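Notes for the one structure printed next.
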Amino acid sequence: MGNKVALHNLGCKVNAYEIEAMQQLLEEAGYEIVPFEPGADIYVINTCTVTNIADRKSRQMLHKAKKMNPEAIVVATGCYVQTGGDKLEKDEAIDLVLGNNRKGNIVDALAEYAENKPGHGSHVIKINQTKEYEDLSIDHTAEHVRAYIKVQDGCNQFCTYCIIPYARGRVRSRNIESVLKEVRALSQKGYKEIVLTGIHLSSYGVDFPEEKKETLLSLIRAVHEIEGIKRIRLGSLEPGIVTREFAEGIAALPKVCPHFHLSLQSGCDETLERMNRRYRSGEYRERCELLREVYGNPALTTDVIVGFPKESEEEFQKSYDFVDSIRFYETHIFKYSRRQGTKAAAMDGQLTEAEKALRSEKMIAMHHRHASDYEKSMLGKILEVLIEEEYKKDGQTWYLGHSREYIRTAVKKSESYGVNDIVKVRAEEFLEEHIMTGKVVE
């Protein structure tokens with residue numbers, strides 16, 4: 001077995017974090033990381049299973065790796081592996097299977113495979129029966145200024161459209177000291193912005209025993225104390241976590257960015273019921289109002305599914321009107337995708353692709369209108385921008401980064417600041433759609 005490893009990730013930010021952690025374990029063990037192209041001795045594909053299409057892409061990637069080097073060891077890890085079962089056992093493109101909660105064993109699993117060559121090495125546990133959080137960590141990341149940190153795994157919600165609880169298991173939270181150790185290491189490497197992420201971030205700490213009770217709020221407070229970190233962002237939140245105590249608690253922490261992603265899925269109560277979401281539109285609205293009360297004008301973003309089974313024209317209109325009334329900065333629209341193994345896939349009243357596409361287009365047009373309105377509301381205001389990269393436009397070089405509200409903002413390149421610096425910018429105009437610009441004020 002040679003030591004050249006190529007890695008490829010599919011899916012969410014948690015998966016992206018986990019593949020970076022696996023890469024660092026392989027580097028430490030002396031493997032050479034090479035691009036995902038012909039010539040590698042080992043291919044590691046971190047798979048996704050969130051939709052049937054994600055399953056298909058995962059299979060295609062595994063087969064592509066085997067074609068690139070038929071002699072190579074192809075390692076399938078992640079969520080598709082966890083739910084794929086027999087299909088994977090029969091797939092000749094795959095040599096080694098590493099399920100969720102076993103990604104940290106990649107070095108040992110490869111060594112064991114090289115020794116035994118059993119034809120099909122399998123390391124998959126019954127994910128729904130484990131209470132153990134798999135402690136992976138990183139000390140650098142592909143992004144230069146922002147680091148995503150996984151603090152939680154699993155989900156107890158069982159929304160009717162979602163396979164993830166079956167792929168990721170029950171809620172498991174990461175020990176707070178382990179999180180802080182990783183944040184300190186990243187801070188020492190110069191990272192200024194930390195994004196706390198998980199499969200169901202709002203559940204952080206619910207699995208801890210009473211005597212070790214931590215919550216997402218206590219975790220944020222602890223991370224806030226770490227020197228060198230200038231910004232904290234949060235991954236997707238459930239509306240239920242936004243109580244007055246939580247909203248006022250984070251508002252008292254200046255490093256927490258006024259940018260919150262509150263998962264919605266539908267603005268229609270009947271649809272929310274069929275989705276098995278644990279809130280209704282009225283409660284959701286209250287949580288948005290609470291964040292606006294304590295922050296003034298925070299950037300609120302969300303996800304919406306259109307064309308869920310049995311969604312009538314009237315129900316879609318209710319959802320549309322609700323989303324319109326909240327005035328989100330960004331709305332991520334998903335056409336309902338039937339996922340085998342979920343309750344919603346077996347529901348009658350499945351909509352046609354054409355119906356879903358029409359609804360999606362209508363929602364997307366609304367999203368652009370609201371995004372534009374929110375950005376215009378920032379004209380004349382001072383934005384604090386963390387510079388991330390150089391950006392060329394019409395022959396001129398700019399620095400590009402994000403404001404605390406996550407608005408893309410460009411400033412003219414200068415000797416007095418550079419990548420990973422934070423500058424204050426008076427927003428004056430748009431460099432192009434959804435990129436603001438203005439004068440640096442200090």
Side-chain angles (χ1 to χ4, degrees), residues 149-159 162 164-165 170-176 179-180 194-225 231-269 271-273 275-304 322-323 325-332 404-406:
I149 292 193
K150 179 186 164 194
V151 301
Q152 178 279 333
D153 206 338
C155 181
N156 298 345
Q157 299 292 301
F158 290 93
C159 300
C162 186
I164 294 308
R170 300 293 70 73
V171 167
R172 304 180 301 289
S173 305
R174 184 175 178 184
N175 177 302
I176 206 159
V179 177
L180 298 179
I194 295 295
V195 187
L196 300 177
T197 184
I199 295 298
H200 194 258
L201 184 62
S202 302
S203 295
Y204 178 83
V206 300
D207 54 319
F208 288 154
E210 269 313 310
E211 64 276 12
K212 288 188 179 168
K213 258 305 168 230
E214 297 289 355
T215 61
L216 184 57
L217 182 55
S218 65
L219 174 69
I220 297 164
R221 283 178 174 142
V223 172
H224 195 272
E225 294 298 302
R231 291 179 168 186
I232 300 167
R233 289 189 198 278
L234 306 174
S236 180
L237 298 173
E238 289 293 309
I241 199 171
V242 186
T243 58
R244 181 160 292 280
E245 182 201 3
F246 182 83
E248 290 177 351
I250 55 173
L253 304 171
K255 293 180 185 179
V256 176
C257 292
H259 164 228
F260 304 103
H261 187 89
L262 281 191
S263 183
L264 174 63
Q265 309 310 353
S266 175
C268 166
D269 289 349
T271 309
L272 288 171
E273 177 94 29
M275 289 176 166
N276 194 33
R277 298 293 285 168
R278 311 293 177 89
Y279 52 84
R280 295 297 172 259
S281 58
E283 182 192 340
Y284 187 98
R285 184 187 300 282
E286 283 165 20
R287 307 307 162 110
C288 293
E289 285 168 357
L290 192 47
L291 287 169
R292 284 178 169 147
E293 182 193 321
V294 298
Y295 275 100
N297 190 20
L300 300 183
T301 67
T302 199
D303 302 313
V304 174
F322 179 82
V323 174
S325 74
I326 300 286
R327 309 182 318 282
F328 292 101
Y329 172 36
E330 284 187 333
T331 309
H332 303 275
R404 283 164 55 81
E405 299 80 6
Y406 214 65

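From a predicted model like this one, the values you see are computed outputs, not experimental measurements.
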Search all heavy atoms of [X] against all heavy atoms of [Y] and return the closest pair with its distance.
X	Y	answer
Pro165	Cys155	CB-O, 3.6 Å
Tyr204	Arg174	OH-O, 2.7 Å
Thr271	Ser266	CB-OG, 3.5 Å
Asp207	Arg172	OD2-CA, 3.3 Å
Gly235	Leu201	N-CD2, 3.4 Å
Leu237	Phe246	CD1-CE2, 4.4 Å

Next item on the list: Could you walk me through whether Arg221 and Glu225 pass the salt bridge (charged side-chain N to carboxylate O under 4.0 Å, His left out) test, one step at a time?
Entry: CA-CA 7 Å; Arg221 283 178 174 142; Glu225 294 298 302; over 6 Å; no
From [X] [atom1] over to [Y] [atom2], what is the distance, rounded to the nearest 0.5 angstrom?
X	Y	atom1	atom2	value
Glu330	Leu300	CD	CG	11.5 Å
Tyr329	Thr302	OH	OG1	15.0 Å
Asn156	Ile199	CG	CD1	12.5 Å
Asn297	Leu291	CG	CG	12.0 Å

Note to self: Tell me whether Gln152 contacts the main-chain N or O of Gly154 through its side chain, where contact means a donor paired with an acceptor under 3.5 Å.
What the structure shows: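 Here the side-chain-to-backbone pair exists.
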Note to self: Any side-chain to backbone donor/acceptor pair from Arg285 onto Ile326? Under 3.5 Å, distance only.
What the structure shows: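 Here the side-chain-to-backbone pair does not exist.
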[X] vs [Y] side-chain heavy atoms within contact, under 4.5 Å:
X	Y	answer
Ile164	His200	no
Asn276	Gln157	no
Ile176	Phe208	no
Glu283	Arg278	no

Check: Which residue, Ile241, Val171, Leu234, forms the side chain to side chain contact (heavy atoms under 4.5 Å, CB included) with Ser202?
Finding: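 Filter result, single survivor: Ile241.
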Notebook entry, point to check: Who pairs with Glu273 by side-chain hydrogen bond (donor to acceptor under 3.5 Å, both in side chains), at least two apart in sequence or on another chain?
Noted result: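 Testing Glu273 for side-chain hydrogen bond (donor to acceptor under 3.5 Å, both in side chains), a comparison that skips the adjacent residues, returns Arg280.
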Check: Quick check: are there more than 12 heavy atoms from other residues, nucleotides or ligands sitting under 6.0 Å from NZ of Lys213?
Finding: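 Yes.
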Expected list for residues 251-264: side-chain donor-acceptor pairs under 3.5 angstrom, two or more places apart:
{"unit_1": "Lys255", "atom_1": "NZ", "unit_2": "His224", "atom_2": "O", "d": "2.8"}
{"unit_1": "Lys255", "atom_1": "NZ", "unit_2": "Ile226", "atom_2": "O", "d": "3.0"}
{"unit_1": "Lys255", "atom_1": "NZ", "unit_2": "Ile229", "atom_2": "O", "d": "3.0"}
{"unit_1": "His259", "atom_1": "ND1", "unit_2": "Arg233", "atom_2": "NH1", "d": "3.1"}
{"unit_1": "His261", "atom_1": "ND1", "unit_2": "Thr301", "atom_2": "OG1", "d": "2.7"}
{"unit_1": "His261", "atom_1": "NE2", "unit_2": "Asp303", "atom_2": "OD1", "d": "3.2"}
{"unit_1": "His261", "atom_1": "NE2", "unit_2": "Asp303", "atom_2": "OD2", "d": "3.0"}
{"unit_1": "Ser263", "atom_1": "OG", "unit_2": "Gln265", "atom_2": "NE2", "d": "3.1"}
{"unit_1": "Ser263", "atom_1": "OG", "unit_2": "Arg277", "atom_2": "NH2", "d": "3.1"}

